[in-house]
Amino acid sequence: NTVTVLNLWKRWDDGDLKNQAELWADSAEVHTWDGMLIKGIRDTIESSGQRFRNNFSSVVSSVNGVISFTGTNKATGQVENWAAVWGKRVTIDKKGKADSVWIHEGWRFNNEGKADMLFQFAAKIPKQ
């Protein structure tokens with residue numbers, strides 16, 4: 001699962017989110033750092049992500065840490081597979097404006113090892 005998360009981050013940086021069938025479940029939900037919820041089939045997740053990514057001319061992510069773990073869903077009693085990643089993301093938008101955030105993501109994986117849920121959190125990095 002950690003390798004899958006790192007591959008997803010690499011594709012985000014590269015700007016190509018198409019054809020990720022080997023990484024995403026048939027349906028998924030994404031909770032973004034700004035409170036947006038994207039929920040639907042893989043194609044919806046990919047196209048929504050690609051539209052947002054297209055706002056940037058450059059994205060460079062660096063990973064501080066990544067870990068896989070399991071947890072039990074208290075509502076369902078099901079054991080779930082997760083991976084968490086922490087890092088820094090530097091973006092440059094189409095107008096040339098740079099921005100940096102510390103980013104943390106929690107990814108849930110189905111029994112086939114495909115991502116079916118993402119929770120994302122970010123904090124602005126103070127200018128020095």
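This one's a predicted model, so the numbers in the text were calculated from it and none came from an experiment. Counting from 1, the numbers follow the sequence of the chain as shown.
- The list of side chain to side chain donor-acceptor pair (under 3.5 Å) pairs with a residue in residues 50-61, not counting sequence neighbours, reads Asp13-Ser61, Ser48-Arg51, Gln50-Asn54, Ser61-Arg89.
- Listed by first and then second residue, the salt bridge (Lys or Arg N to Asp or Glu O under 4.0 Å) pairs that reach into residues 56-79 come to none, sequence neighbours excluded.
- Under the 4.5 Å side-chain criterion, counting only non-hydrogen atoms from C-beta, Lys88 is not in contact with Val101.
- Sorted by first and then second residue, the side chain to side chain donor-acceptor pair (under 3.5 Å) pairs involving residues 91-101 (not counting sequence neighbours) are Asp99-Lys124.
- The distance from the CD1 atom of Ile38 to the OG1 atom of Thr44 is 9.5 Å, given to the nearest 0.5 Å.
- Residues satisfying the side-chain hydrogen bond (donor to acceptor under 3.5 Å, both in side chains) criterion with Lys18, sequence neighbours excluded, are absent altogether.
- The aromatic rings of Trp107 and Trp24 sit tilted relative to each other, their planes meeting at an angle between 30° and 60°.
- Residues passing the side chain to side chain contact (heavy atoms under 4.5 Å, CB included) test with Asn7, sequence neighbours excluded: Val3, Leu23.
- Under the side chain to side chain contact (heavy atoms under 4.5 Å, CB included) criterion, Gln78 pairs with Thr76, not counting sequence neighbours.
- Residues satisfying the side-chain hydrogen bond (donor to acceptor under 3.5 Å, both in side chains) test with Trp9, not counting sequence neighbours, are Glu105.
- With contacts defined as side-chain heavy-atom distances shorter than 4.5 Å, the pair Val30/Ile45 qualifies.
- Every residue two or more places apart in sequence or in another chain that forms a side-chain hydrogen bond (donor to acceptor under 3.5 Å, both in side chains) with Glu22 is listed here: Arg11.
- Applying the ring-ring contact (aromatic ring centres under 6.0 Å, His included) test to Trp33 and every residue at least two apart in sequence or in another chain returns nothing.
- Asp26 meets the side-chain hydrogen bond (donor to acceptor under 3.5 Å, both in side chains) test with Arg42; sequence neighbours excluded.
- Applying the ring-ring contact (aromatic ring centres under 6.0 Å, His included) test to Phe56 and every residue at least two apart in sequence or in another chain returns Phe52.
- Closest approach of Trp86 and Val66 over heavy atoms only: CE3-N, 4.4 Å.
- From Asp116, atom CG reaches atom OG of Ser27 across 7.5 Å, with rounding to the nearest 0.5 Å.
- Here the rule is side-chain hydrogen bond (donor to acceptor under 3.5 Å, both in side chains) with Glu80, and of Asn111, Asn73, Thr70, Thr72 only Asn73 fits it.
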Side chain to side chain contact (heavy atoms under 4.5 Å, CB included) assessment of Trp82 paired with Asn1 = CA-CA 7 Å; Trp82 289 84; Asn1 295 337; over 6 Å; no
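- The side chain to side chain contact (heavy atoms under 4.5 Å, CB included) search around Asp43 returns Ile41, Glu46, not counting sequence neighbours.
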